[in-house]
Amino acid sequence: VQLQASGGGLVQAGDSLRLSCADSGRSASDYATGWFRQAPGKEREFVGAIGIDGRTIYNTKSVKGRFTISRDGAKNTVYLQMNSLEPEDTGVYYCAADYRFGGVIMTSNPIEYDSWGQGTQVTVSS
């Protein structure tokens, strides 16, 4: 499995971005995909995840209903749609694959994820 996250950039507060996580080695519909982010000097933080059945979980404290995760099976890609971006959303965003339980159960624990993409930088200016 080789995951590649893309779509980051420099935006202003209030703008939107859509990040993509493409899998070049395995069907993204076979496992749960999580999104994490890491700001400078801070620990990696769970953003959300999507299971094989399309169910999603989010870190509601951080994303406050502004972010949505979806999957396009035909493109073998998972997306993170981010709206109403805030400077606090700045960081490197990673996608990760969780192969446990056939992708039915999702977790916010980064230790449980088996494979990680290289990350994409998101910078939100005020």
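Computed over heavy atoms, backbone and side chain alike; hydrogens, waters and symmetry mates excluded.
- Leu19 CG to Phe67 CZ: the interatomic distance, rounded to the nearest 0.5 Å, is 8.5 Å.
- Between atom CD1 of residue Ile50 and atom OG1 of residue Thr68 there is a gap of 10.0 Å, rounded to the nearest 0.5 Å.
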message: I'd like to know whether Met82 forms a side chain to side chain contact (heavy atoms under 4.5 Å, CB included) with Arg66, so could you lay out the CA-CA distance, the side-chain angles of the two residues, the decisive distance to 0.1 Å, and finally the verdict.
response: CA-CA 6 Å; Met82 305 185 294; Arg66 300 176 295 124; over 6 Å; no
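- A salt bridge does not link Arg100 to Asp114: none of the charged nitrogens lies less than 4.0 Å from a carboxylate oxygen.
- Smallest separation of non-hydrogen atoms from Thr77 and Ser20: CG2-CB, 3.9 Å.
- Asn109 CG to Asp98 CG: the interatomic distance, rounded to the nearest 0.5 Å, is 9.5 Å.
- Tyr94 carries Arg44 over the face of its six-membered ring, with the cationic atom under 6.0 Å from the centre and within 45° of the normal.
- Residue Val11 forms a side chain to side chain contact (heavy atoms under 4.5 Å, CB included) with just one option from Thr90, Thr123, Leu85, and that option is Leu85.
- Listed for the Asp23 side chain is no donor-acceptor partner under 3.5 Å among the backbone atoms of Asn76.
- Between Val47 and Asn59, the closest side-chain pair of non-hydrogen atoms is not below 4.5 Å.
- To the nearest 0.5 Å, atoms CG (Asp15) and CG (Asn83) are separated by 10.0 Å.
- From Asp89, atom CG reaches atom CD of Glu45 across 9.0 Å, with rounding to the nearest 0.5 Å.
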task: Walk me through it: do Phe46 and Ile57 pass the test side chain to side chain contact (heavy atoms under 4.5 Å, CB included)?
output: CA-CA 10 Å; Phe46 175 72; Ile57 59 172; 3.8 Å; yes
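- Under 3.5 Å, the side chains of Gln4 and Ser24 contain no donor-acceptor pair of N or O atoms.
- Taking the six-membered ring where the residue is Trp, Trp116 and Phe36 present tilted rings, their angle falling between 30° and 60°.
- Residues Val63 and Tyr58 come closest through the heavy atom pair CG2-CB, 4.0 Å.
- Hydrophobic clustering (ILVMFWY, side-chain heavy atoms < 4.5 Å, transitive): Tyr93 and Tyr79 are in distinct clusters.
- Taken from CZ in Arg26 to OG in Ser115, the straight-line distance is 9.5 Å, to the nearest 0.5 Å.
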Residue pair Gln81, Ser70: steps toward the side chain to side chain contact (heavy atoms under 4.5 Å, CB included) verdict: CA-CA 8 Å; Gln81 176 68 43; Ser70 62; over 6 Å; no
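- For the residue pair Cys95 and Ala5, the shortest heavy atom distance occurs at SG-CB, 4.1 Å.
- Contact detail for Met106 and Gly51: the closest heavy-atom pair is SD-N, 3.2 Å.
- More than 12 heavy atoms of other residues, nucleotides or ligands sit less than 6.0 Å from atom CD of Gln118.
- Of all non-hydrogen atoms in Gly7 and Leu17, the two that sit nearest each other are O-CD2, 3.6 Å.
- Residues Val92 and Tyr113 fall within the same hydrophobic cluster, defined by Ile, Leu, Val, Met, Phe, Trp and Tyr side chains chained together at heavy-atom separations under 4.5 Å.
- Taking each heavy atom of Ser126 and Pro87 in turn, the nearest pair found is CB-CG, 3.8 Å.
- Each salt bridge (Lys or Arg N to Asp or Glu O under 4.0 Å) pair with one or both residues in residues 71-82, not counting sequence neighbours, would appear here, but there are none.
- Contact check for Cys21 versus Leu3: side-chain heavy atoms found under the 4.5 Å cut-off.
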